[in-house]
Amino acid sequence: MAPEKSVPYAVTGIAVVALLVVAVVAGNFAWNVAWNGAPYPSADPDAVAQRLTARSDEVYDGFALQEKHAADPGRVVTGACYYRGLRGIAHIDEARSDVRSFGLDWSVPDVPEATAREAQQRVRRQLVQQGWKLTHEGDRTGATYRQLGFRFEDPADGYQVDVRWNDSTTTLFVSVYAPCAQVPAEFVEHGRPEADWRPTA
């Protein structure tokens with residue numbers, strides 16, 4: 001018959017093994033997080049494009065410009081996104097094929113400064129009321145130039161609206177951005193009608 005003291009030793013051994021397993025799992029998890037960084041969220045490209053075009057409609061309507069100041073159409077395009085964590089150091093300037101950012105650029109030409117200033121102020125108030133946060137103030141004046149602008153970000157999801165005007169072009173430039181997200185493997189950027197934007201009548 002085995003000594004009674006062998007039972008505590010067996011229990012202790014099992015506990016040590018369990019702790020070692022937990023430590024190994026935790027270590028692997030920590031290394032994976034450090035190596036890959038925080039994962040990118042997944043996104044439906046069509047849903048993102050629809051949201052960017054809807055936001056563009058809101059900004060254009062918010063400008064409340066006269067009919068003679070018509071906006072040129074735009075199209076949602078994707079941008080490069082990169083590896084996070086330590087892996088990003090090993091793959092410097094190497095874009096990921098499965099992760100994209102999204103942006104929609106459009107403009108309104110031939111807008112006088114006073115009109116552009118008033119239009120920007122209306123959109124600025126609109127974004128503030130919706131809870132967006134100012135991240136960049138773009139008003140600049142030099143000896144030979146003058147520009148107006150700002151950038152706001154939605155703290156809930158990272159979407160951004162950037163509005164600019166300068167006296168050399170007298171054009172209102174608008175960019176609406178969506179942050180980097182993982183896209184489906186079958187995603188194809190070209191030929192998607194959801195990506196086209198034209199100002200609402």
Side-chain angles (χ1 to χ4, degrees), residues 41 43-82 95 99-181 183 188-201:
D44 176 354
D46 289 342
V48 173
Q50 289 168 3
R51 182 165 181 191
L52 291 176
T53 55
R55 174 56 61 180
S56 292
D57 287 340
E58 292 179 10
V59 171
Y60 183 63
D61 292 343
F63 281 154
L65 296 168
Q66 296 180 7
E67 289 185 6
K68 64 180 180 180
H69 299 302
D72 293 330
R75 181 172 178 79
V76 176
V77 297
T78 65
C81 297
Y82 300 90
V99 179
R100 307 280 184 89
S101 64
F102 295 80
L104 172 57
D105 297 328
W106 50 276
S107 59
V108 185
D110 302 321
V111 180
E113 179 177 356
T115 303
R117 188 182 298 274
E118 293 172 357
Q120 287 192 8
Q121 289 173 348
R122 285 190 287 268
V123 170
R124 181 191 290 261
R125 288 193 296 268
Q126 172 181 293
L127 293 171
V128 169
Q129 291 171 356
Q130 293 173 351
W132 290 51
K133 303 300 181 184
L134 178 69
T135 60
H136 176 73
E137 190 69 74
D139 289 2
R140 301 287 186 274
T141 300
T144 59
Y145 73 92
R146 196 162 50 258
Q147 62 184 41
L148 310 171
F150 56 78
R151 182 181 300 125
F152 274 79
E153 180 174 325
D154 186 345
D157 52 24
Y159 278 64
Q160 297 183 8
V161 169
D162 187 272
V163 179
R164 305 168 308 282
W165 177 94
N166 62 72
D167 61 345
S168 63
T169 65
T170 64
T171 296
L172 270 170
F173 297 98
V174 179
S175 297
V176 187
Y177 303 107
C180 292
V183 297
V188 178
E189 179 171 353
H190 301 290
R192 295 165 49 248
E194 295 84 2
D196 293 324
W197 178 81
R198 292 182 179 277
T200 55

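Just so it is clear, the values below take in all heavy atoms, side chains as well, and ignore hydrogens, waters and symmetry mates.
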Closest non-hydrogen atom pair between [X] and [Y], with its separation:
{"X": "Cys81", "Y": "Arg100", "value": "SG-C, 3.4 Å"}
{"X": "Leu172", "Y": "Ala119", "value": "CD1-CB, 4.4 Å"}
{"X": "Ala70", "Y": "Tyr60", "value": "CA-OH, 3.7 Å"}

Validation: residues 101-110 side-chain donor-acceptor distances under 3.5 Å, sequence neighbours left out:
residue, atom, partner, partner atom, Å
Ser101, OG, Gly79, N, 3.4
Asp105, OD1, Ser175, OG, 2.6
Trp106, NE1, Ser56, OG, 3.0

- Query: Any side-chain heavy-atom pair from Val123 and Phe63 closer than 4.5 angstrom?
  - Reply: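 Val123 reaches Phe63 side chain to side chain.
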- Message: Measuring only between side-chain heavy atoms, which start at C-beta, is Leu148 closer than 4.5 Å to Asp139?
- Response: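 Result yes, sub-4.5 Å side-chain heavy-atom pair found.
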- Task: Can you tell me which residue pairs pass the ring-ring contact (aromatic ring centres under 6.0 Å, His included) test with a partner in residues 123-156, sequence neighbours excluded?
- Result: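 Pairs touching residues 123-156 that pass the test: Phe150-Phe152.
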- May I ask you to decide if Gln120's main-chain N or O and Trp165's side chain share a donor-acceptor pair within less than 3.5 Å?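 The answer is no, because no donor-acceptor pair under 3.5 Å joins these two groups.
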Selection [range] - residue pairs positive for salt bridge (Lys or Arg N to Asp or Glu O under 4.0 Å), sequence neighbours left out:
{"range": "residues 170-181", "value": "none"}
{"range": "residues 124-137", "value": "Arg124-Glu137"}
{"range": "residues 111-120", "value": "Glu113-Arg117, Glu113-Arg146"}

- Just how far is it from atom CZ of Arg122 to atom CG of Leu65, taken to the nearest 0.5 Å?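 Result: 6.5 Å between the selected atoms.
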- Query: Atom CZ of Arg198 and atom CG of Asp57: how far apart are they, to the nearest 0.5 Å?
  - Reply: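 Nearest 0.5 Å value for the CZ-CG distance: 13.0 Å.
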Do any side-chain atoms of residues 46-55 form donor-acceptor pairs under 3.5 angstrom with protein atoms, and if so which ones, sequence neighbours left out?
residue, atom, partner, partner atom, Å
Asp46, OD1, Arg192, NE, 3.4
Asp46, OD1, Arg192, NH2, 3.3
Arg51, NH1, Asp157, OD2, 2.3
Arg51, NH2, Asp154, OD2, 3.4
Arg51, NH2, Asp157, OD2, 2.6
Thr53, OG1, Ala49, O, 3.1
Thr53, OG1, Gln50, O, 2.9
Arg55, NH1, Glu58, OE1, 2.8
Arg55, NH1, Gln130, OE1, 2.8

